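In this text, all values refer to a predicted model and were calculated from it rather than measured experimentally.
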Amino acid sequence: MIDPKLLRQSAADVAANLARRGFEFDADGYLALEERRKSLQVETERLQSERNTSAKSIGKAKAQGEDIEPLLAAVKQLGERLEASEAALQEVQAELRDIELGLPNLLADDVPAGNTEDDNTEVRRWGEPTDLGFEPLDHIQLGEQLGQIDFDAAARISGARFVVMTGPLARLQRALIQFMLDTHTSEHGYAEAYVPYLVRTQALVGTGQLPKFEEDQFKTIDENPFYLIPTAEVPVTNLARETIFDADALPVRYVAHTPCFRSEAGSHGQDTRGMIRQHQFEKVELVQFVAPDASMAALEELTGHAEVILQRLELPYRVVTLCSGDIGFGSTKTYDIEVWLPGQQRYREISSCSNCNDFQARRMQARRRNPETGKPELLHTLNGSGVAVGRALIAIMENYQEADGSIRIPDALAPYMGGLKKISP
RNA sequence: GGAGAGAUGGCUGAGUGGUCGAAAGCGCUCCCCUGCUAAGGGAGUAAGGGUUAAAAGCCCUUCGAGGGUUCGAAUCCCUCUCUCUCCGCCA
């Protein structure tokens with residue numbers, strides 16, 4: 001959520017910033033509504049004050065044994081006026097809140113202009129696109145040749161966009177998870193977190209998936225429904241919900257492995273084959289809570305933490321800054337890490353690292369105590385994949401394939417594979 | 001699933017219709033005192049919001065959440081959520 005005070009005072013500036021995303025913010029409409037809120041709130045609070053004063057004097061009079069009948073008569077119609085005023089105020093406030101919850105985050109100044117992913121700007125590359133010396137297969141062919149990926153079986157159980165893996169390949173996914181968690185906890189200062197995979201509405205509102213992206217979520221049928229988490233970002237970031245961190249407690253860093261569930265509404269026809277885009281996939285997620293002035297530096301750091309994983313796995317990648325039209329709803333600045341996939345002969349997203357500054361923190365009242373003022377203030381939240389496990393698995397399969405269709409195990413994963421050097425049919 | 005108890009500020013915990021945003025203790029901050037340490041004395045110490053250019057001040061809201069009764073609710077009623085105890089079941 002954008003600071004309502006800023007919306008009031010600089011609605012036009014906000015509109016201009018959001019326009020860079022291609023988002024249209026009706027500043028005049030908002031300000032008109034805001035004017036109504038102001039007069040209604042002032043009036044409502046005046047009436048409340050009046051009620052409180054008279055209630056107190058009635059109490060006092062009664063205690064002294066005086067006749068309270070005339071006092072009661074005097075406040076008789078106050079209740080009705082107050083009730084009407086409160087109801088009107090509530091309605092306007094709900095309307096304002098709906099608008100505010102629907103506004104994406106303000107963009108950082110250095111976010112490049114653009115409309116699609118083609119306009120993202122490359123920041124750096126690591127490694128060279130793998131030259132295998134033969135015609136590479138993609139992970140689908142490789143997996144089926146190995147007999148360790150079975151999309152048909154998955155379809156019989158659950159339909160499209162699911163996968164079944166067996167044998168060493170299934171173990172390789174587990175090895176990746178372990179490797180990533182170990183690296184981030186032992187080298188990058190993250191605490192491992194185990195969190196719920198089913199969450200309440202408020203948690204998703206906190207991180208920004210709701211109310212706007214309801215159709216992307218899986219949800220239980222219940223009058224008080226659970227949502228399946230689309231990313232560990234949701235439960236982990238909500239660890240800061242309604243808390244005030246001591247000044248010296250930050251930064252707080254969490255890493256969590258969870259499955260992620262996405263309905264993929266609106267992505268029909270995209271990546272339908274293979275396990276690039278699934279309803280269920282594994283991800284290791286990095287989350288940080290930092291002081292407001294520290295978040296941009298933390299974004300660089302966190303992105304670097306994700307990069308280390310790819311470097312250790314010796315997977316070629318590049319880092320791009322997402323342009324104004326491609327960046328996510330809650331982010332003020334995002335780096336994507338794209339890994340080279342020989343089967344597709346191109347870079348594909350394997351991690352997305354975002355600085356959400358106070359956007360999520362405001363939605364969930366995540367604060368820290370300012371050491372100078374002693375007062376609570378919103379902290380900043382960041383998240384990034386460290387990294388997407390399924391896609392890392394694909395990247396290893398395709399980059400480490402041999403001419404005979406077997407797959408070498410990267411050295412970094414050797415300790416997790418029980419001595420296995422290569423996966424063969 | 002059944003029965004019962006409970007949810008109050010950073011923590012413990014009092015408060016069962018009126019001057020209670022809330023006793024007391026702990027913790028924390030500042031000051032005084034004491035040669036160090038320990039002890040002692042005093043003051044302060046919730047959050048959110050509105051008004052304001054901003055601050056001060058003033059006002060509103062909040063005692064798990066939502067609704068209700070009342071001139072007035074932490075306190076009474078209803079619903080929900082969560083926690084604890086016992087029984088049952090269970091990985």
Side-chain angles (χ1 to χ4, degrees), chain A residues 1-13 30-31 33-97 99-101 194-206 210 220 222-227 235 238-250 252 358 360-379:
Chain A
M1 205 159 85
I2 297 171
D3 186 356
K5 271 197 179 127
L6 185 71
L7 285 174
R8 262 173 244 166
Q9 288 164 5
S10 320
D13 293 345
Y30 180 84
L31 288 176
L33 202 55
E34 168 54 27
E35 274 305 312
R36 283 196 58 208
R37 186 231 96 221
K38 183 164 162 175
S39 59
L40 278 171
Q41 182 160 356
V42 169
E43 172 65 5
T44 303
E45 291 186 357
R46 215 208 78 234
L47 291 170
Q48 284 172 330
S49 176
E50 204 177 307
R51 177 205 57 199
N52 293 344
T53 313
S54 49
K56 271 183 191 170
S57 50
I58 290 172
K60 208 175 279 178
K62 208 175 171 187
Q64 293 169 358
E66 294 169 17
D67 179 20
I68 59 168
E69 280 309 317
L71 289 168
L72 285 180
V75 295
K76 203 162 176 206
Q77 24 77 349
L78 184 63
E80 273 174 36
R81 282 163 60 207
L82 180 56
E83 207 171 311
S85 186
E86 276 177 340
L89 174 62
Q90 225 168 46
E91 196 175 312
V92 171
Q93 278 177 327
E95 255 178 272
L96 283 168
R97 189 169 163 78
I99 294 173
E100 287 158 6
L101 285 176
Y194 173 79
V195 292
Y197 303 158
L198 296 173
V199 299
R200 296 296 187 191
T201 306
Q202 52 176 15
L204 282 151
V205 171
L210 291 182
T220 62
D222 201 332
E223 71 262 36
N224 188 12
F226 285 112
Y227 289 85
N238 272 280
L239 289 174
R241 165 174 290 275
E242 285 158 51
T243 46
I244 303 173
F245 289 86
D246 288 339
D248 57 4
L250 301 181
V252 168
D358 61 7
Q360 296 179 323
R362 182 170 292 107
R363 287 170 167 246
M364 49 190 190
Q365 284 302 306
R367 290 159 295 167
R368 68 134 188 178
R369 201 160 293 279
N370 182 309
E372 271 90 57
T373 64
K375 289 288 160 198
E377 66 182 3
L378 296 172
L379 50 76

A.B. asks: Quick one: label A:R367 by what it contacts on the DNA or RNA (base, sugar-phosphate, nothing), any heavy atom closer than 4.0 Å.
C.D. replies: sugar-phosphate
A.B. asks: Between B:A56 and B:U51, how far apart are the P atoms? Round to whole Å, please.
C.D. replies: 15 Å
A.B. asks: Below 3.5 Å is the cut-off: list the nitrogen or oxygen pairs between protein and nucleotides 51-58 of chain B, distance only.
C.D. replies:
| from | atom 1 | to | atom 2 | distance (Å) |
| --- | --- | --- | --- | --- |
| B:U51 | OP1 | A:R37 | NH2 | 3.1 |
| B:U52 | OP2 | A:K38 | NZ | 2.9 |
| B:A54 | OP1 | A:Q9 | NE2 | 3.1 |

A.B. asks: Run A:E377 and A:R367 through salt bridge (charged side-chain N to carboxylate O under 4.0 Å, His left out) and show every step you take.
C.D. replies: CA-CA 5 Å; A:E377 66 182 3; A:R367 290 159 295 167; over 6 Å; no
A.B. asks: Quote, to the nearest angstrom, the C1' distance that separates B:C82 from B:U29.
C.D. replies: 34 Å
A.B. asks: On RNA chain B, nearest-nucleotide positions of A:K375 versus A:F226: which is more 5'?
C.D. replies: A:K375
A.B. asks: Using the P atom on both, measure B:A65 against B:A53 and round to a whole Å.
C.D. replies: 34 Å
A.B. asks: Going by purine N1 to pyrimidine N3 plus the second Watson-Crick contact, or the G-U wobble pair, all under 3.5 Å, which nucleotide sits opposite B:U19?
C.D. replies: none
A.B. asks: Looking only at atom C1', what distance separates B:A7 and B:C80, rounded to whole Å?
C.D. replies: 14 Å
A.B. asks: Which atom pairs link the protein and nucleotides 18-22 of chain B when you take only N or O atoms and keep those under 3.5 Å?
C.D. replies:
| from | atom 1 | to | atom 2 | distance (Å) |
| --- | --- | --- | --- | --- |
| B:G18 | O6 | A:K62 | NZ | 3.1 |
| B:G18 | N2 | A:A55 | O | 2.7 |

A.B. asks: Both distances under 3.5 Å, Watson-Crick or G-U wobble: report the partner of B:U85, or none.
C.D. replies: B:A3
A.B. asks: On a whole-Å scale, what distance lies between the C1' atoms belonging to B:U34 and B:C28?
C.D. replies: 23 Å
A.B. asks: What salt bridge (charged side-chain N to carboxylate O under 4.0 Å, His left out) pairs are there with at least one residue in residues 45-56 of chain A, not counting sequence neighbours?
C.D. replies: A:E43-A:R46, A:R46-A:E50
A.B. asks: Please determine, for B:U29, whether a Watson-Crick or G-U wobble partner exists with both distances under 3.5 Å, and give it or none.
C.D. replies: B:A43
A.B. asks: For B:G57, which nucleotide is its Watson-Crick or G-U wobble mate, given both distances must be under 3.5 Å?
C.D. replies: B:U51
A.B. asks: Has A:E80 got more than 12 heavy atoms of other residues, nucleotides or ligands less than 6.0 Å from its CD?
C.D. replies: no
A.B. asks: Ignoring backbone atoms, establish whether A:S49 has a side-chain N or O less than 4.0 Å from OP1 or OP2 of B:C59.
C.D. replies: no
A.B. asks: Sticking with atom P, work out how far B:U19 lies from B:U75, rounded to a whole angstrom.
C.D. replies: 13 Å
A.B. asks: A:E50 CD to B:C59 P: how many Å, rounded?
C.D. replies: 14 Å
A.B. asks: Looking only at atom P, what distance separates B:C76 and B:G17, rounded to whole Å?
C.D. replies: 8 Å
A.B. asks: When you get a sec, tell me which of B:A47, B:G49, B:C82 is the closest nucleotide to the side chain of A:E45?
C.D. replies: B:G49
A.B. asks: Please check this pair: side chain of A:S85 against backbone of A:R81, looking for a donor-acceptor N/O pair closer than 3.5 Å.
C.D. replies: no
A.B. asks: Identify whether NZ of Lys or CZ of Arg in A:R200 sits under 6.0 Å from the centre of the six-membered ring of A:F226 and within 45° of that ring's axis.
C.D. replies: yes
A.B. asks: Using OP1 and OP2 only, check whether a side-chain N or O of A:R369 sits under 4.0 Å from B:A46.
C.D. replies: no
A.B. asks: Could you tell me whether the phosphate oxygens of B:C60, OP1 or OP2, come under 4.0 Å of any side-chain nitrogen or oxygen in A:N52?
C.D. replies: yes
A.B. asks: Starting from P on B:G64, measure out to CD on A:Q202 and report it in whole angstrom.
C.D. replies: 17 Å
A.B. asks: Write down the distance separating the C1' atoms in B:U62 and B:U8, rounded off to the nearest Å.
C.D. replies: 12 Å
